[in-house]
K.L.:
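The following block contains the structure, expressed as structure tokens.
Residue numbering restarts at 1 for every chain, and letters A, B, ... go by the order of the sequence lines.
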Number of protein chains: 2
Amino acid sequence: MTRVLVVEDEPQLLRALGINLRAVRYDVSTAATGSDALRLAAERPPDLVVLDLGLPDMDGTEVVAGLRGWTDVPILVLSGRSDSGDKVDALDAGADDYVTKPFEMDELLARLRAMARRGVSNEDQPIVTFGANTVDLAARRISRAEDEVRLTPTEWHLLEVLVRNPGTLLSQRQLLLEVWGPGYETARGNLRLYMGQLRKKLEDDPARPVHLLNEPGMGYRFQP
Amino acid sequence: MTRVLVVEDEPQLLRALGINLRAVRYDVSTAATGSDALRLAAERPPDLVVLDLGLPDMDGTEVVAGLRGWTDVPILVLSGRSDSGDKVDALDAGADDYVTKPFEMDELLARLRAMARRGVSNEDQPIVTFGANTVDLAARRISRAEDEVRLTPTEWHLLEVLVRNPGTLLSQRQLLLEVWGPGYETARGNLRLYMGQLRKKLEDDPARPVHLLNEPGMGYRFQP
DNA sequence: AGCGGTCCTAACGAAGCCCTAACGCCGCCG
DNA sequence: CGGCGGCGTTAGGGCTTCGTTAGGACCGCT
């Protein structure tokens, strides 16, 4: 049976994860702190690790580094909305994939399956191509016709939300809530600004977007 | 017994909901704020959630997201006339159904039964097909014979109301109230206008509609 | 302190959408 | 046969939304 180590300090979420994972026949062990996690992993090396970044005792990056020092076990990171910086650091430190809270349990399970299937340390398919662009969400890189495209953190966040919902129309309220957080639901001008930036960097003809589309009065849509 | 969590801040409505739900043998627990709701749901996961969008402490979307982060429990949203934007966002965030205030208690109970029957972890049916059209309500997308059809916000709203009540005759007053809100009950010309737009975009022969039908003096009917 | 980069606000044409009004058409009734 | 009301369609003005540019505030870094 596949052994999963879940590292999560919120009891409710820990419980929910345990139930769901056991329901699909994983052998689950849990830890509430980073040090516990490292100790447990050393005692009985798991096949997969689910790691919340918001731990009380250690930085998520340190936990990843502590594991990566001696094992290639696939690590899936759970990141809250506010930890986007930590998330990037964790991926750089060697995590394999991530899911942003709040997440669908289905999605988490799917990503876990993908990681288990690939076996050891391979990338998921957070790689999306559209037009001349190749977007690697996990590595945070974009190449556009052999060139590198550089995006600011906010641009990344916005693009990420769009790319993760291909073909779906996202209301401006939804986007603002996801990217800027509560309290910015009315800053529509901001959204227009950053959508413009993305188009300028990613569209062949920024004045006539093909992939980053607006539907007046409704919201924006990413069309692969 | 089926457990229902009711999230409602108006005491009278909360009381009415409690009485009616208990009368039909639901096990009811209640919360007056979003944070209470999340806490209660975590402690004793309910089988159904009835959620008012107009809560004092949190945005309805956040509550839905907070639940969807770890559970697939069916969520029915109560939305006031003024929260129509919130309602859409709540559905996008993962709510399963909604009822507009003021509502008939019978209808709410019926929709609750429908959600319970579908059971946990079953999705809505946000995809409807009629004629050459495929309507994806969640993604806000319509394809018509390989082509994309673009609808304005008002057209979407109107179509949504019709599609959610297939085969049912909806009075003009009902439609006007739902789409345009109070104060526009007499703007019949408006309804004719937008019905025409929908027919032009969705019917094979707009002059001889097959799916978007009028019953003179009565109202309109959507025929799948 | 200076500087490059990022983020936010304000402002302004341009485009799109919504509503009102008006005109034909049809069926119904006197 | 003529009036009447409901329906469908078209056209135009007012308003909202969108894309874009410019400028200033706020970092972290040298």
Side-chain angles (χ1 to χ4, degrees), chain A residues 82 84-85 88-89 140 148-159 162 169-176 178-221, chain B residues 84-85 88 140 148-159 162 169-173 175-221:
Chain A
S82 49
S84 68
V88 175
D89 295 340
R140 233 146 231 259
E148 285 276 322
V149 178
R150 243 176 55 74
L151 261 50
T152 72
T154 308
E155 288 164 6
W156 261 112
H157 203 161
L158 179 56
L159 180 67
L162 289 164
L169 184 121
L170 300 166
S171 70
Q172 20 224 354
R173 192 192 179 83
Q174 236 174 319
L175 291 168
L176 286 165
E178 182 63 35
V179 177
W180 281 269
Y184 276 82
E185 293 93 339
T186 57
R188 282 172 291 178
N190 233 317
L191 195 50
R192 292 196 296 245
L193 179 65
Y194 277 90
M195 203 59 67
Q197 307 261 12
L198 285 180
R199 291 208 258 242
K200 199 181 299 179
K201 293 184 178 179
L202 301 176
E203 291 275 3
D204 289 334
D205 182 358
R208 280 162 203 226
V210 178
H211 301 107
L212 302 169
L213 306 175
N214 166 265
E215 313 227 347
M218 313 233 12
Y220 291 86
R221 184 195 306 273
Chain B
S84 69
V88 174
R140 281 212 169 29
E148 291 274 324
V149 177
R150 238 175 55 78
L151 261 51
T152 70
T154 308
E155 288 163 6
W156 262 112
H157 204 159
L158 179 56
L159 180 66
L162 290 165
L169 175 72
L170 299 166
S171 72
Q172 327 209 21
R173 188 190 182 77
L175 290 168
L176 285 165
L177 211 58
E178 178 64 34
V179 178
W180 281 269
Y184 278 82
E185 294 92 338
T186 58
R188 285 169 297 175
N190 232 318
L191 194 51
R192 293 199 294 255
L193 177 65
Y194 277 91
M195 203 59 68
Q197 308 260 12
L198 285 180
R199 292 208 258 243
K200 198 184 301 180
K201 293 184 178 180
L202 300 176
E203 291 276 4
D204 288 334
D205 182 358
R208 289 195 180 64
V210 178
H211 301 108
L212 303 168
L213 307 176
N214 166 266
E215 314 232 345
M218 310 281 301
Y220 291 86
R221 180 197 307 276

K.L.:
Provide the closest heavy-atom pair for Leu169(A) versus Gln174(A) in the form atom of the first, atom of the second, distance.
P.N.:
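Heavy atoms only, the tightest pair is O-OE1, 4.5 Å.
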K.L.:
Could you please name the option among dG19(D), dG8(D), dC17(C) that lies closest to any side-chain atom of Tyr220(B)?
P.N.:
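Selected nucleotide (nearest to the side chain): dG8(D).
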K.L.:
Any heavy-atom pair between the side chains of Thr152(A) and Tyr194(A) that's under 4.5 Å?
P.N.:
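With C-beta onward as the side chain, the pair touches.
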K.L.:
What contact category does Gln172(B) fall into here, base, sugar-phosphate, or nothing, at under 4.0 angstrom with non-hydrogen atoms?
P.N.:
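The answer is sugar-phosphate, as Gln172(B) gets under 4.0 Å only of primed atoms, P, OP1 or OP2.
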K.L.:
How is Arg208(B) classified with respect to the nucleic acid when contacts are heavy atoms under 4.0 Å: base, sugar-phosphate, or nothing?
P.N.:
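Contact class for Arg208(B): none.
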K.L.:
Using every non-hydrogen atom in the two residues, find where Leu151(A) and Leu198(A) come nearest and quote the distance to one decimal.
P.N.:
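Between these two residues, the closest heavy atoms are CD2-CD2, 3.9 Å.
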K.L.:
Return each pair, listed once, that meets side chain to side chain donor-acceptor pair (under 3.5 Å) where at least one residue sits in residues 195-205 of chain A; pairs must be two or more places apart or across chains.
P.N.:
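Residue pairs passing side chain to side chain donor-acceptor pair (under 3.5 Å), neighbours aside: Arg144(A)-Asp204(A), Glu155(A)-Lys201(A).
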K.L.:
In whole Å, I'd like the distance from the CZ atom of Arg188(B) to the C1' atom of dT9(D).
P.N.:
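Answer to the nearest Å: 17 Å.
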K.L.:
Which heavy-atom pair separates Pro209(A) from Pro206(A) by the least distance, and what is that distance?
P.N.:
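It is CD-O, 3.7 Å.
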K.L.:
Between atom CG in Asn214(B) and atom C1' in dG6(D), what is the gap in whole Å?
P.N.:
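In whole Å, dG6(D) C1' lies 8 Å from Asn214(B) CG.
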K.L.:
Nearest whole Å is fine: how far is dG6(D) C1' from Leu176(B) CG?
P.N.:
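Distance, rounded to whole Å: 14 Å.
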K.L.:
Check whether any side-chain heavy atom of Asn214(B) lies under 4.5 Å from a side-chain heavy atom of Arg192(B), and answer yes or no.
P.N.:
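Asn214(B) vs Arg192(B): side chains apart.
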K.L.:
Counting only side-chain heavy atoms from C-beta out, which of dT17(D), dG19(D), dG16(C) sits nearest to Arg199(A)?
P.N.:
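Among dT17(D), dG19(D), dG16(C), the one nearest the side chain of Arg199(A) is dG19(D).
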K.L.:
If the sugar-phosphate is the primed atoms plus P, OP1 and OP2 and the base is the rest, what is the B/S/- string for nucleotides 19-30 of chain C, using protein heavy atoms under 4.0 Å?
P.N.:
BB----------
K.L.:
Is the shortest side-chain heavy-atom distance between Asn190(A) and Val179(A) below 4.5 Å?
P.N.:
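No, too far: nothing below the 4.5 Å cut-off.
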K.L.:
Give the rounded distance in Å between these two atoms: CG of Leu151(B) and P of dG16(C).
P.N.:
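Leu151(B) atom CG is separated from dG16(C) atom P by 16 Å.
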K.L.:
How long is the line joining CG of Leu175(A) and P of dT17(D), in whole Å?
P.N.:
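Computing the Leu175(A):CG to dT17(D):P distance gives 16 Å.
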K.L.:
Check the distance between dC8(C)'s C1' and Leu191(A)'s CG and give it to me in whole angstrom.
P.N.:
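Result: 13 Å.
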K.L.:
Please state how far atom CE in Met195(B) lies from atom C1' in dC18(C), giving the value in whole angstrom units.
P.N.:
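Roughly 16 Å, once rounded to whole Å.
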K.L.:
For Arg173(B), look at atom CZ and say whether over 12 heavy atoms of other residues, nucleotides or ligands are found less than 6.0 Å away.
P.N.:
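No, CZ of Arg173(B) has 12 or fewer neighbouring heavy atoms, counting only those of other groups under 6.0 Å.
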K.L.:
In whole Å, I'd like the distance from the CG atom of Leu198(B) to the C1' atom of dG8(D).
P.N.:
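To the nearest whole Å, that distance equals 14 Å.
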K.L.:
Which nucleotides of nucleotides 24-30 of chain D have their base under 4.0 Å from a protein heavy atom (B), which only their sugar-phosphate (S), and which neither (-), written as one string 5' to 3'?
P.N.:
-------
